[in-house]
Amino acid sequence: MPLVTIGVVIAAGLALTGATNFALAILIVGATLATFSVGHVAMGRRITNAGSIYAHIAQGLGRIIGAAAAGVAVLTYGFLQFALYGLFGVVAADLLGVTGIGEVSGVWWLFALCGWALVGLLGTTRVDLSTYTLGCIIIGQVIFLLLVDGALIASGELAAPQGGYPPSPDLLKPGIGVVLLIAVVAFAGFETPLVFGEESRNYKRTINLSTFSTLGLLTGLYVLTSWTFSAATHPAELAGHGNTLGFDLMISLASSHLGTAAAGIGRVVLLVSVFAAMTSFHNTSARYMFGLAREGFIPRSLARTGDRTGAPTAASLFQTAAGLCVIIVAASAGVDPIGGLFLVGLIAGGFGLVVLSATTSIATLCAFARARRGESWWTAYAAPAVSAFALGWIGLQAAGSFDELAALGLPQSVERILLGPFAFAAALGGLRGLILRHFQPAVYEGFGRGGLAVRSSVAPIPSSHVAETDRALR
């Protein structure tokens, strides 16, 4: 969601990393993800699966690696979803005057539970309803941000960011991995059009438009706003916003250039934006679990859909129950909803996205190397190779910069917090794949194919789709 990204993620990145030319990092990551999407979308036109990433990896690198990626994908989107409950509780408390901007309230969990209940309700409805609602929210966010950007530019008070352009040592200094990882998190969710392919009309006609238009809009908006925010704020003042996670950076700029009423509107829009992001990641996580359940990788009961809505009701309810457990455990243990829940989940989810995207690029390259099927040289080979290299480099830089994350308030052992669960999830997924290969070969053969090899009444698929996907996987 644009306002969550700019009002929290990018503002915090500007304040906490000191990278005042953060706009350049956004531009680099945006271009990298656009290159990644070239091959990923081409694969998506051949294999329509709710678990798009693990399905593509299974096709290119084999089902065992795809099974390991499935475990990482479920964990990644879970991290991103659950992280937002802590943020929602704090932002809601601020809006209602329970706390000041960026402060943590002891009753954050009460507000988080309200958001959790609404997300759970929307998760069991038709995807069209959720998409329409999210679309309206996104339009409101974009309008608000453009108004703030326009006011900052019209003020004539903007200065070139410290270091200026072209790239300065500021962007290339040690700890660049943190900057790039935050930039990747800013785009989290751009790949979701492929996840909803089975529930969309004219999917193959619109997949290019939806994916690349989303990336283009987000990149342009993020570059413009991160530049105006940093150019309108003195570096010393920018660093001073670090202890409030950047909440007050956007609000103070809106208030000083558009009036106090705009600041109040900004708080409301920010809260709605956090809620929309929670809903989006909830739906994505539910559909990944639905895809895995339909194929027999996890219990098939989680593949049940609503009779009237067609939404993956069982998987959505599972995600809702998991979210409730996270809120209860975090509140009972006295976990900081920002430093202990939001930031850890956000950084972990961003790292998971980098690993999954890099692996998907390699898988795409391997799949097209075996059968290019009319795709251009750029789509089949060059774009996946470039994105695999770039994303791999970002991942290595991020892994080498984990010590820098202590500046964000994360514990010193953050590398174990981030890498341990992913290693466990990958090992568990790979082990499940091996078990299926030896004891349930029919289920194993259907992995990554949308359950086509093992037909199930819980998720019927049109015969045309069966034939088309079978041809793509041969």
State, without any angle test, whether Ser361 and Thr364 hold a side-chain donor-acceptor pair at a distance under 3.5 Å. no
Would you say the side-chain atoms of Arg287 pair up with the backbone N or O of Asn283, donor to acceptor, closer than 3.5 Å? yes
Using a 3.5 Å distance criterion without hydrogens, assess whether the side chain of Ser155 forms a donor-acceptor pair with backbone atoms of Leu152. yes
Can any side-chain N or O of Tyr288 pair as donor or acceptor with the backbone N or O of Ile53 at less than 3.5 Å? yes
Steps toward side chain to side chain contact (heavy atoms under 4.5 Å, CB included) verdict (Leu95, Val91): CA-CA 6 Å; Leu95 177 64; Val91 174; 5.5 Å; no
Hey, what do you get for CZ (Phe275) to SG (Cys114), rounding to the nearest 0.5 Å? 11.0 Å
Apply the ring-ring contact (aromatic ring centres under 6.0 Å, His included) test between Phe79 and each candidate in Phe342, Phe422, Phe351; give the one that qualifies. Phe422
Closest non-hydrogen atoms of Ala69 and Ile57, given as atom of the first, atom of the second and distance, are CB-CD1, 3.5 Å
Could you pull out the closest heavy-atom pair between Leu346 and Ala83, with the gap in Å? N-CB, 3.8 Å
Quick check: do Ile153 and Leu224 have side-chain heavy atoms less than 4.5 Å from each other? yes
Compare all side-chain heavy atoms of Phe88 with those of Tyr85 and state whether any distance is below 4.5 angstrom. no
Just how far is it from atom CD of Gln141 to atom CG of Leu221, taken to the nearest 0.5 Å? 9.5 Å
For Gly392 against Ala358, the heavy-atom pair lying closest together: N-CB, 4.1 Å
Any side-chain heavy-atom pair of Thr313 and Arg304 under 4.5 Å: no
Distance from Thr305 atom OG1 to Arg294 atom CZ, nearest 0.5 Å? 10.0 Å
Criterion side chain to side chain contact (heavy atoms under 4.5 Å, CB included) on Leu391 and Leu33, from CA distance to verdict: CA-CA 8 Å; Leu391 288 165; Leu33 294 179; 4.2 Å; yes
Would the distance check show the side chain of Ser37 and the main-chain N or O of His40 forming a donor-acceptor pair, the cut-off being under 3.5 Å? no
So, the side chain of Trp116 versus the backbone of Thr320: is there a donor-acceptor pair under 3.5 Å, distance only? yes
How long is the span from the CG atom in Leu365 to the CE atom in Met43, to the nearest 0.5 Å? 11.0 Å
For atom CZ of Phe212, is the number of surrounding heavy atoms from other residues, nucleotides or ligands below 6.0 Å larger than 12? yes
Mutual orientation of the aromatic rings belonging to Phe281 and Tyr77 [parallel < 30°, tilted 30-60°, perpendicular > 60°]: tilted
Does any non-hydrogen side-chain atom of Trp227 lie less than 4.5 Å from one of Leu27? no
Does His257 form a side chain to side chain contact (heavy atoms under 4.5 Å, CB included) with Val148? I'd like the steps, not just the answer. CA-CA 8 Å; His257 291 81; Val148 175; over 6 Å; no
What do the steps show when you test Val326 against Leu341 for side chain to side chain contact (heavy atoms under 4.5 Å, CB included), and what is the final call? CA-CA 9 Å; Val326 169; Leu341 184 56; 4.0 Å; yes
Donor-acceptor check, side chain of Thr225 to backbone of Tyr222, threshold 3.5 angstrom: yes or no? no
Identify the two heavy atoms, one from Ala34 and one from Leu215, that lie closest to each other, and give their separation to 0.1 Å. CA-CD1, 3.6 Å
Taken to the nearest 0.5 Å, the spacing of Ser213 OG from Leu218 CG works out to 9.0 Å
Using side-chain heavy atoms (C-beta onward) and a distance below 4.5 Å, is Met278 in contact with Phe82? no
Ignoring hydrogens and angles, tell me if any N or O in the side chain of Ser226 forms a donor-acceptor pair with the backbone of Val223 under 3.5 Å. yes
Scanning both residues in full, the closest heavy-atom pair of Phe144 with Ala254 reads CZ-CB, 4.2 Å
Have Ser387 and Thr35 got a donor and an acceptor in their side chains that come within less than 3.5 Å? no
Quick one: does any side-chain atom of Thr284 pair with a main-chain N or O of Ser280 as donor and acceptor, under 3.5 Å? yes
Side chain to side chain contact (heavy atoms under 4.5 Å, CB included) partner of Phe187, the single match among Thr32, Leu353, Ile26: Ile26
Can you tell me how far CD1 of Ile298 sits from CZ of Phe290, rounded to the nearest 0.5 angstrom? 10.5 Å
For residues Thr360 and Tyr54, determine if any side-chain heavy atom of one lies less than 4.5 Å from a side-chain heavy atom of the other. no
Quick one: closest heavy-atom pair of Leu80 and Gly350, and the distance? CD2-N, 4.3 Å
Mind checking whether His282 and Ser316 have side chains closer than 4.5 Å, heavy atoms only? yes
